Asks: 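Structure below; questions to follow.
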Number of protein chains: 2
Amino acid sequence: MIHQRKCPVETLIHVLGGKWKPMILWHLIESNKRFNDLEKLIPDVSQKIFSQHLRDLEREGIVDRTVYPTIPPKVEYSISEYGKKLIPVAEVMCAWGENHNKRKYKESAS
Amino acid sequence: MIHQRKCPVETLIHVLGGKWKPMILWHLIESNKRFNDLEKLIPDVSQKIFSQHLRDLEREGIVDRTVYPTIPPKVEYSISEYGKKLIPVAEVMCAWGENHNKRKYKESAS
DNA sequence: CAGCATCCACGTTGATACTG
DNA sequence: CAGTATCAACGTGGATGCTG
């Protein structure tokens, strides 16, 4: 990504902008999850994109990644303390989005 | 766009996700602007993308487009009443983004 | 002035196969 | 189990030229 991101709004859009990132966070907010369990909760995502998004979110400090050096390997993902600061923001975004979806529905129904 | 957008957060990201859309809104919040004046305020945007973004925002109901049937033509863009509801949301997003940018700066400086 | 049409470069997403 | 590597498909963004 070569974005300059002078605009902070774009920063946020970039962090959450991956196709499945909001859904990943949504599930992680509920509870910590292992790689495989989380993947099963998000149908239709390819493994590559899935792990790429997780790495992105980890690099941004939004999610924590805990490795248990067992055999077979076990890796658990969770929302970081810093990542939790994103929740109220997401809620505001969510509220607007819900209203907007309703609005568009009414439009097409009229 | 073929997004399903079940998730309202994705709805918002889609609406604001165009590369120049936040900047367009930023300038329109300040005051109404004509096509050409607005374009000059946003350097490096191609005309195609610029008008495409404006049409997107118009279709979503965020901006109003007023045509004065004069010669030469004059078209003025402005934030709609509905679009103004987006401002507080953008401010929340902006606050988070600013903090995140600072955080990343500190990281790379350490 | 305020666009649209065409063509092109690039990045993101995705399918598939392989590995410690 | 939890990934990585490779290759293909698609969509967004962009340059350029034309029009009412």
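The chains referred to below are lettered A, B, ... by the order of the sequence lines, with proteins before strands, and numbering in each begins at 1. Being a predicted model, the structure only gives us computed values, none of them experimental.
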Asks: Has A/Lys74 got a side-chain atom pairing as donor or acceptor with A/Pro72's backbone, closer than 3.5 angstrom?
Replies: no

Asks: Roughly how many Å is it from CD in B/Glu39 to C1' in C/dC4, rounded to a whole number?
Replies: 14 Å

Asks: In whole angstroms, how far is the P atom of C/dA2 from the NZ atom of B/Lys40?
Replies: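 So the NZ-P distance, B/Lys40 to C/dA2, works out to 9 Å.
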
Asks: In whole Å, what is the span from the CG atom of A/Asp37 to the P atom of D/dC1?
Replies: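 Spelled out: CG on A/Asp37 to P on D/dC1 is 9 Å.
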
Asks: Can you tell me how far C1' of D/dG20 sits from CD1 of B/Ile71, to the nearest Å?
Replies: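 Computing the B/Ile71:CD1 to D/dG20:C1' distance gives 9 Å.
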
Asks: Nearest nucleotide by nearest heavy atom, which residue falls closer to the 5' end of DNA chain C, A/Gly17 or B/Glu76?
Replies: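 This one resolves to B/Glu76.
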
Asks: Nearest to the B/Asn36 side chain among C/dT13, C/dA2, D/dG14, which nucleotide is it?
Replies: C/dA2

Asks: Below 4.0 angstrom from OP1 or OP2 of C/dC1, is there any side-chain N or O of B/Thr70?
Replies: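 For C/dC1, neither OP1 nor OP2 has a side-chain N or O of B/Thr70 closer than 4.0 Å.
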
Asks: Is the phosphate of C/dG3 approached by B/Arg65 (side-chain N or O, under 4.0 Å from OP1 or OP2)?
Replies: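 Yes, such a contact exists.
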
Asks: Mapping B/Gln47 and A/Arg55 onto DNA chain D by nearest heavy atom, which one lands closer to the 5' end?
Replies: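 First, find each residue's nearest nucleotide; the 5'-ward one identifies A/Arg55.
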
Asks: Looking at C/dT12, I'd like to know if its phosphate oxygens (OP1 or OP2) sit under 4.0 Å from a side-chain N or O belonging to A/Lys48.
Replies: no

Asks: B/Lys19 has an atom NZ; how far is it from atom P of C/dG11, in whole Å?
Replies: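 Between P of C/dG11 and NZ of B/Lys19: 10 Å.
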
Asks: Hey, is B/Glu10 close enough to A/Lys19 for a salt bridge, meaning N to O under 4.0 Å?
Replies: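 Not counted as a salt bridge, because no side-chain N and carboxylate O are separated by less than 4.0 Å.
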
Asks: Nearest whole Å is fine: how far is D/dG3 C1' from A/Glu58 CD?
Replies: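 So the CD-C1' distance, A/Glu58 to D/dG3, works out to 13 Å.
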
Asks: State, with a plain yes or no, whether a side-chain heavy atom of A/Glu58 is found less than 4.5 Å away from one of A/Asp64.
Replies: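 No, side chains not in contact.
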
Asks: On DNA chain D, does the nearest nucleotide to B/Pro73 precede the nearest nucleotide to A/Phe35 from the 5' side, or the other way round? Give the residue.
Replies: A/Phe35

Asks: State whether B/His53 places a side-chain N or O below 4.0 Å from either non-bridging phosphate oxygen (OP1 or OP2) of D/dG13.
Replies: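 Yes, within the criterion.
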
Asks: Under a 4.0 Å threshold between the charged nitrogen and the carboxylate oxygen, would A/Lys84 count as salt-bridged to A/Glu81?
Replies: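 Yes.
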
Asks: Examine D/dT4: is either OP1 or OP2 under 4.0 Å from a nitrogen or oxygen in the side chain of A/Ser51? Give yes or no.
Replies: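 The answer is yes; a side-chain N or O of A/Ser51 sits under 4.0 Å from OP1 or OP2.
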
Asks: Flag the pair B/Glu76 and B/Arg65 as a salt bridge only when some basic side-chain nitrogen lies within less than 4.0 angstrom of an acidic carboxylate oxygen.
Replies: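 Salt bridge: no.
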
Asks: Nearest whole angstrom, please: distance from the P of C/dT6 to the CD of B/Gln52.
Replies: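 So the CD-P distance, B/Gln52 to C/dT6, works out to 15 Å.
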
Asks: Taking 4.0 Å as the cut-off, does a side-chain nitrogen or oxygen of B/Trp20 come that near to OP1 or OP2 on D/dT12?
Replies: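 False: B/Trp20 side-chain N/O out of range (4.0 Å or more) of D/dT12 OP1/OP2.
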
Asks: Write down the distance between CD (A/Glu10) and C1' (D/dG13), rounded to a whole number of angstrom.
Replies: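 In whole Å, D/dG13 C1' lies 14 Å from A/Glu10 CD.
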
Asks: If the cut-off is 4.0 Å, is B/Arg34 near the phosphate of C/dA2, judged by side-chain N/O to OP1 or OP2?
Replies: yes

Asks: Using a heavy-atom cut-off of 4.0 Å across all strands, would you classify A/Tyr77 as base, sugar-phosphate, or nothing?
Replies: sugar-phosphate

